[in-house]
2 protein chains.
Amino acid sequence: MYSLAPLSQLKPAGAQTIFIEKLPAKCCTLDKCTSMHCPVLRQLGTLKVYNHNETIFWESDKAASFFLIKSGVVRECRMLSDGRRQISRFIFPGDLFAHTDNGNYSNTAEAVTPVSVLVIPRPQLEQSLESTPCLRRLFLKNLQQELHQTQDQVLVLGRMSAVERVSHFLTSLADITGANPLELPMTRVDIADYLGLTLETVSRVISRLKREGKIELLDTNKILLSAPLKLSANSQHVAA
Amino acid sequence: MYSLAPLSQLKPAGAQTIFIEKLPAKCCTLDKCTSMHCPVLRQLGTLKVYNHNETIFWESDKAASFFLIKSGVVRECRMLSDGRRQISRFIFPGDLFAHTDNGNYSNTAEAVTPVSVLVIPRPQLEQSLESTPCLRRLFLKNLQQELHQTQDQVLVLGRMSAVERVSHFLTSLADITGANPLELPMTRVDIADYLGLTLETVSRVISRLKREGKIELLDTNKILLSAPLKLSANSQHVAA
DNA sequence: CGGTCAGTTGACAATATTCAACCGACGTGG
DNA sequence: CCACGTCGGTTGAATATTGTCAACTGACCG
């Protein structure tokens with residue numbers, strides 16, 4: 001049995017507000033550890049706010065910081081020389097981002113909505129990783145999840161049709177936000193650049209899903225998923 | 001300036017055979033550390049050989065071990081319920097694989113050629129990670145590189161044409177192996193399942209590249225890249 | 001009021017897939 | 001030893017899917 005992981009497995013922490021002001025060596029037990037409430041990250045970082053469409057960092061710039069989203073949605077993307085854009089992923093509250101393997105950012109990060117992020121200088125975080133085992137596990141787990149989700153995305157882009165991609169996207173988004181009348185924070189262009197399609201194809205697929213009664217458009221960016229869509233999209237990805 | 005990373009950034013270690021039999025706390029200096037010569041990994045793992053097309057582990061099985069390739073080529077892949085297959089990546093000597101975020105393998109791994117791998121039990125490796133800082137950096141670096149390469153793959157699958165995908169694949173493979181009359185270890189089906197195409201399309205593109213003088217087919221699986229292909233494939237991916 | 005932006009839809013074109021035939025190499029069993 | 005089946009690969013013809021170009025709408029803003 002195998003089913004695709006949602007876009008993000010770190011759900012918004014919601015009511016989770018257990019903060020410890022003094023910094024102990026072991027800040028939390030293994031299973032309760034989340035990036036959202038981690039006191040080490042909280043102490044290392046400074047809160048910063050970005051406006052809609054503002055750039056947080058540029059691809060190939062020297063990677064000075066890690067970022068933890070407190071609220072809002074961010075997109076990470078790459079470009080080809082002729083302007084073609086591919087969004088690597090959308091990033092949601094609780095996600096730690098800006099991983100790199102060579103000291104330079106490998107994506108450009110932009111605010112899809114107004115966002116508030118914790119900006120954590122790399123040297124400090126890297127030092128804390130050495131001294132704080134539970135933070136290390138948290139960091140590693142975050143990285144492994146991002147890898148898993150990116151491999152999911154490779155499967156989606158390599159082997160799914162336009163209808164399957166959009167359906168999978170919508171159900172994943174519903175899983176992350178946990179809301180069924182689903183509020184799309186991003187434009188059709190963003191969705192297209194994430195799914196490897198054109199904005200026209202995305203628009204047509206959404207119209208088709210509406211026509212077939214699989215979704216309901218309460219507003220341009222407010223979508224109600226019918227139960228069948230959720231079911232079909234889940235069963236579709238179960239290995240034989 | 002941005003250019004796509006090759007499929008693997010860990011080149012075969014070749015002549016690198018510095019082994020230390022006794023296990024020191026710091027086994028090597030930061031910049032000389034490679035998974036190929038790391039004495040800690042060497043001590044933890046046992047060497048195992050797999051035949052052509054033999055399965056190393058199955059997707060969703062409990063993840064018991066990590067693997068380090070000493071020789072040969074491995075493919076990691078995922079399946080949809082109807083049999084569609086997507087190869088997440090090809091893995092080459094020096095690569096550490098079987099990362100997971102939930103304790104189960106997220107891909108099936110199979111030997112593309114006869115391979116010899118170091119099988120490293122997870123509990124032991126995880127324990128050594130805690131106690132050995134340089135191994136930790138090595139492990140983290142490996143994971144970050146895999147993420148980077150997978151994001152490259154997302155860009156390739158999402159935004160490149162068939163010709164671009166195959167050209168990029170061939171040049172990347174030449175970069176990894178460092179050999180120009182390039183020996184393809186995998187079949188057309190494998191290439192297709194890696195590039196999100198059909199085997200016919202891969203075959204047609206290769207024929208076309210041959211017709212256009214960009215490659216020379218010395219044998220079905222032996223390809224000589226003309227300089228122009230290498231150049232064009234590089235310049236194609238440089239950001240504006 | 002005019003301009004811009006996000007989105008939808010239609011007509012047509014490009015691209016990749018599907019289905020099928022065919023080839024040569026290889027290995028096996030009569 | 002040869003016939004036969006299988007496998008990997010190539011190629012052609014027809015088809016399906018998605019992209020391109022363009023027109024149009026409604027919302028929003030100065």
Side-chain angles (χ1 to χ4, degrees), chain A residues 51-53 73 75 80 82-87 110 112-113 156-170 182-212 215-223, chain B residues 51-53 73 75 80 82-87 110 112-113 156-170 182-212 215-223:
Chain A
N51 293 327
H52 175 249
N53 275 340
V73 180
R75 62 175 175 256
L80 293 175
D82 57 7
R84 283 177 287 180
R85 184 181 73 150
Q86 178 63 43
I87 293 181
E110 295 158 325
V112 173
T113 65
V156 168
L157 295 180
R159 286 292 173 237
M160 286 193 190
S161 69
V163 173
E164 290 172 316
R165 293 184 207 191
V166 173
S167 303
H168 175 252
F169 175 73
L170 293 178
L182 178 60
E183 191 79 40
L184 293 182
M186 68 290 284
T187 66
R188 300 290 189 265
V189 177
D190 278 348
I191 299 175
D193 284 352
Y194 179 61
L195 296 179
L197 301 169
T198 59
L199 70 97
E200 292 95 333
T201 300
V202 170
S203 180
R204 271 185 253 271
V205 169
I206 289 177
S207 297
R208 179 174 154 186
L209 292 176
K210 189 175 87 181
R211 221 179 312 122
E212 294 173 348
I215 63 175
E216 227 172 297
L217 274 180
L218 309 180
D219 191 359
T220 311
N221 288 325
K222 203 167 193 170
I223 296 185
Chain B
N51 294 325
H52 175 248
N53 276 340
V73 180
R75 62 173 173 258
L80 293 175
D82 57 6
R84 282 176 288 180
R85 184 180 73 148
Q86 177 64 42
I87 294 181
E110 295 158 325
V112 174
T113 65
V156 168
L157 296 179
R159 286 291 172 237
M160 286 192 190
S161 69
V163 172
E164 290 172 317
R165 293 184 207 190
V166 173
S167 302
H168 175 253
F169 175 73
L170 294 178
L182 178 59
E183 191 79 41
L184 293 183
M186 68 290 284
T187 66
R188 301 291 189 265
V189 177
D190 279 348
I191 299 175
D193 284 352
Y194 178 62
L195 296 180
L197 301 168
T198 59
L199 70 98
E200 292 96 333
T201 300
V202 170
S203 181
R204 270 185 252 271
V205 169
I206 289 178
S207 298
R208 179 174 154 186
L209 292 176
K210 190 176 86 181
R211 221 178 314 123
E212 294 173 347
I215 63 174
E216 227 172 296
L217 273 180
L218 310 181
D219 190 0
T220 310
N221 288 326
K222 203 167 195 172
I223 296 185

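Chain identifiers are assigned alphabetically (A, B, ...) following the order of the sequence lines, protein sequences preceding nucleic acid strands; residue numbering begins at 1 within each chain.
- Counting heavy atoms from C-beta outward, B:Leu218 and B:Ile223 have side chains that stay 4.5 Å or more apart.
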Report all side-chain donor-acceptor pairs from residues 186-193 of chain B shorter than 3.5 Å, counting only partners two or more places apart or in another chain.
| residue | atom | partner | partner atom | Å |
| --- | --- | --- | --- | --- |
| B:Thr187 | OG1 | B:Val189 | N | 3.4 |
| B:Thr187 | OG1 | B:Asp190 | N | 3.2 |
| B:Arg188 | NH1 | B:Asn221 | OD1 | 3.1 |
| B:Arg188 | NH2 | B:Thr220 | O | 2.9 |
| B:Asp190 | OD1 | B:Arg85 | NH2 | 2.7 |
| B:Asp190 | OD2 | B:Arg75 | NH1 | 2.9 |
| B:Asp193 | OD1 | A:Arg159 | NH2 | 2.8 |
| B:Asp193 | OD2 | B:Arg85 | NE | 2.6 |
| B:Asp193 | OD2 | B:Arg85 | NH2 | 3.0 |

Short heteroatom pairs, N/O only, protein and nucleotides 24-30 of chain D, under 3.5 Å:
none

What donor-acceptor contacts under 3.5 angstrom involve side-chain atoms of residues 198-207 of chain A, with partners at least two apart or in another chain?
| residue | atom | partner | partner atom | Å |
| --- | --- | --- | --- | --- |
| A:Thr198 | OG1 | A:Thr201 | N | 3.3 |
| A:Thr198 | OG1 | A:Thr201 | OG1 | 3.0 |
| A:Ser207 | OG | A:Ser203 | O | 3.0 |

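- The main-chain N or O of A:Tyr194 is found under 3.5 Å from a side-chain atom of A:Gln86 such that the two form a donor-acceptor pair.
- For the pair B:Asn221 and D:dG9, the criterion of a side-chain N or O lying under 4.0 Å from OP1 or OP2 is met.
- Under the rule for a side chain to side chain donor-acceptor pair (under 3.5 Å), the partners of A:Glu212 that lie at least two apart in sequence or sit in another chain are A:Arg208, A:Lys214.
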Distances under 3.5 Å between protein N/O atoms and the N/O atoms of nucleotides 10-12 of chain D, please, pair by pair.
| residue | atom | partner | partner atom | Å |
| --- | --- | --- | --- | --- |
| D:dT10 | OP1 | B:Arg188 | NH2 | 3.2 |
| D:dT10 | OP2 | B:Arg188 | NE | 2.9 |
| D:dT10 | OP2 | B:Ser203 | OG | 2.7 |
| D:dT10 | O5' | B:Ser203 | OG | 3.1 |
| D:dT11 | OP2 | B:Ser207 | OG | 2.4 |
| D:dG12 | N7 | B:Arg204 | NH1 | 2.9 |
| D:dG12 | O6 | B:Arg204 | NH2 | 3.1 |

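- Judged by closest nucleotide on DNA chain C, A:Val189 is the one of A:Val189 and A:Arg159 placed further toward the 5' end.
- Between the P atom of D:dT17 and the CG atom of A:Leu195 lies a distance of 18 Å, rounded to the nearest Å.
- When DNA chain C is scanned 5' to 3' for any atom under 4.0 Å from a heavy atom of chain A, the first and last hits are C:dG7 to C:dA11.
- A:Leu195 places none of its side-chain heavy atoms less than 4.5 Å from the side chain of A:Met160.
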